[in-house]
J.: 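Dropping a structure here in structure tokens format, bear with me for questions.
Just so it is clear, the model here is predicted, and its values are computed rather than measured. Below, chain A is the first sequence line, B the second, and so on; all start at residue 1.
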2 protein chains.
Amino acid sequence: MRKYLKILQKCRLFSGIADDDVIKMLGCLGAKVESFDKKYTILPEGYPAKYIGIVLSGSVQVVQVDYYGNRSILSVMNRAEVFAEAFACAEVSSMPVAVIADEPCEVMLIDCGHILHICANNCGFHQQLIYNLMKDLAAKTIMFHQRIEITSKRTTREKLMTYLMLQAKKAESNSFEIPFDRQELADYLEVDRSGLSAEISKLRKEGIINNQKNHFELL
Amino acid sequence: MRKYLKILQKCRLFSGIADDDVIKMLGCLGAKVESFDKKYTILPEGYPAKYIGIVLSGSVQVVQVDYYGNRSILSVMNRAEVFAEAFACAEVSSMPVAVIADEPCEVMLIDCGHILHICANNCGFHQQLIYNLMKDLAAKTIMFHQRIEITSKRTTREKLMTYLMLQAKKAESNSFEIPFDRQELADYLEVDRSGLSAEISKLRKEGIINNQKNHFELL
DNA sequence: GAAAGTCTGTTGAATTTTCAACAAAAAGGA
DNA sequence: TCCTTTTTGTTGAAAATTCAACAGACTTTC
């Protein structure tokens with residue numbers, strides 16, 4: 001586990017906990033590490049919702065696929081970020097979404113029961129872990145607010161521009177990469193792919209944006 | 001404060017805490033109670049995000065209004081439910097949404113700083129409060145997942161039917177009331193009001209639903 | 001009880017999205 | 001490198017949404 005320390009230090013879940021204690025804690029929590037190929041389903045929809053996941057390398061997508069096969073991408077989680085914690089913490093019986101590998105990745109999985117219900121050893125970092133989970137979930141809620149701000153717009157153009165402006169703000173630059181290909185961006189913005197491609201071309205012709213592939217620039 | 005105990009017992013924030021301790025805690029946290037008329041803005045967008053709110057009576061709406069005046073209703077919080085906790089817990093500087101009184105209501109406001117940073121008295125319920133907040137935020141996250149499941153649908157009809165089916169499930173009956181008038185329902189589903197009205201009529205003519213005003217029935 | 005104001009359903013026109021199909025470009029594999 | 005597969009951009013037609021306007025029903029106020 002020690003080789004993952006550098007990443008785990010950056011993870012909100014372990015903030016305020018000393019390295020040695022993190023190691024001890026992982027043993028206590030029964031953490032396990034698994035590797036996945038690109039597009040592999042790490043946690044399928046309907047699966048028991050007991051694991052908290054931490055991205056050690058690569059990135060994962062949280063997706064919802066409806067009855068007709070329409071995909072929504074709810075979020076992308078990168079290195080050192082946590083996923084599936086809401087379902088585990090809320091103790092719902094099964095996952096209402098799936099988590100898939102966005103690229104080849106390593107993931108740490110922790111059975112959340114060990115976190116929610118005080119462990120036999122009663123290790124002193126339990127409280128800090130709960131506090132960190134609370135902060136993490138608050139941040140997630142804000143992330144969803146932002147996503148709703150984007151998808152509540154009525155036209156593809158407005159959704160796209162709202163998204164790009166938020167990305168620029170996040171990157172602190174008018175020039176930035178986005179973590180989606182066209183189909184994925186459409187599934188995140190909840191719009192049609194071909195219409196999205198057309199809108200990107202149009203915005204470029206109008207001199208409002210510039211882009212090549214996943215690199216965008218606001219003019 | 002004692003007169004609010006009956007409601008506070010039902011509030012997730014105080015679960016697992018004895019009545020007398022809740023009273024003590026409220027003093028320690030500097031909780032205050034305020035009353036608001038219908039449509040009054042309880043917490044405006046841009047306001048410092050330091051208060052956690054608890055609905056004591058009536059209900060409140062969490063709304064987002066964009067540059068052009070388009071309103072999105074993010075959620076409705078009823079008696080004994082908590083609001084604005086995500087922003088306070090994430091310690092963002094200002095509210096990205098507004099909270100308004102859906103009907104005349106009483107609201108308890110607690111400065112979240114007192115919860116996040118251990119109080120001088122170091123009262124023993126602090127940890128339980130953090131735990132409860134974590135559970136509450138996990139439930140909120142799941143609520144947003146559901147809202148996204150609804151609004152990610154592409155047509156007014158699909159959004160409406162997805163919403164109604166979730167409401168029926170929640171009510172455990174095919175016959176139920178919804179907490180929105182037509183404009184509010186449109187602002188929750190992210191669709192046009194007139195188109196929504198038309199779709200409701202259409203579904204009724206097709207014998208798929210029945211409704212009068214806010215009462216709906218799935219056939 | 002009358003008047004003013006709000007909410008709802010309806011309609012038609014304009015706008016936008018979705019859908020399907022295809023070709024060009026890019027990426028991946030042998 | 002060549003071939004196959006995937007991704008992207010384009011297009012036109014069909015479908016759906018939005019917008020504006022209005023009338024009737026319902027509420028609220030005086």
J.: So that I know where these two stand, are B:Y51 and B:F87 an aromatic pair - ring centroids less than 6.0 Å apart?
T.: no
J.: Both A:R154 and A:A198 contact DNA chain D. Which one's nearest nucleotide lies toward the 5' end?
T.: A:A198
J.: Rounded to the Å, how far apart are B:R157 CZ and C:dT18 P?
T.: 18 Å
J.: Counting just side-chain N and O atoms, does B:T156 come under 4.0 Å of either OP1 or OP2 of D:dT17?
T.: yes
J.: Rounded to whole angstroms, how far apart are NZ on B:K153 and P on D:dA16?
T.: 16 Å
J.: In whole Å, I'd like the distance from the CD atom of B:Q183 to the C1' atom of D:dA20.
T.: 14 Å
J.: Taking CG from B:N70 and P from D:dC19, how many angstroms apart are they, rounded to a whole number?
T.: 7 Å
J.: Reckon A:S201 has a side-chain N or O less than 4.0 Å from the OP1 or OP2 of D:dT10?
T.: yes
J.: Whole-Å distance between C:dA25 C1' and A:D181 CG?
T.: 15 Å
J.: Could you check whether the rings of A:F216 and A:F176 sit parallel, tilted or perpendicular, using 30° and 60° as the cut-offs?
T.: parallel
J.: Taking atom C1' of C:dT18 as reference, at what distance in whole Å does atom NZ of A:K159 sit?
T.: 12 Å
J.: So, does A:K202 get its side chain near the phosphate of D:dT11, meaning an N or O under 4.0 Å from OP1 or OP2?
T.: no
J.: Identify the two heavy atoms, one from B:Q183 and one from B:D181, that lie closest to each other, and give their separation to 0.1 Å.
T.: N-OD1, 3.1 Å
J.: Identify whether any heavy atom of A:R193 sits under 4.0 Å from a base atom; if not, whether one sits that close to sugar-phosphate; answer base, sugar-phosphate or nothing.
T.: base
J.: Answer yes or no: does a side-chain N or O of A:R182 lie under 4.0 Å from OP1 or OP2 of D:dT7?
T.: no
J.: Taking CD1 from B:I200 and C1' from C:dT11, how many angstroms apart are they, rounded to a whole number?
T.: 17 Å
J.: Considering only heavy atoms and no angle criterion, is a donor-acceptor pair shorter than 3.5 Å present between the side chain of A:R204 and the base of D:dG9?
T.: no
J.: Assign A:D192 to base, sugar-phosphate, or nothing according to its heavy-atom contacts below 4.0 angstrom with the strands shown.
T.: base
J.: Between A:T155 and A:K213, which has a closest nucleotide on DNA chain C that is more 5'?
T.: A:T155
J.: What is the distance, to the nearest angstrom, from the CD atom on A:Q212 to the P atom on C:dA26?
T.: 11 Å
J.: For A:E206, is the CD atom crowded, meaning more than 12 foreign heavy atoms sit under 6.0 Å from it?
T.: yes
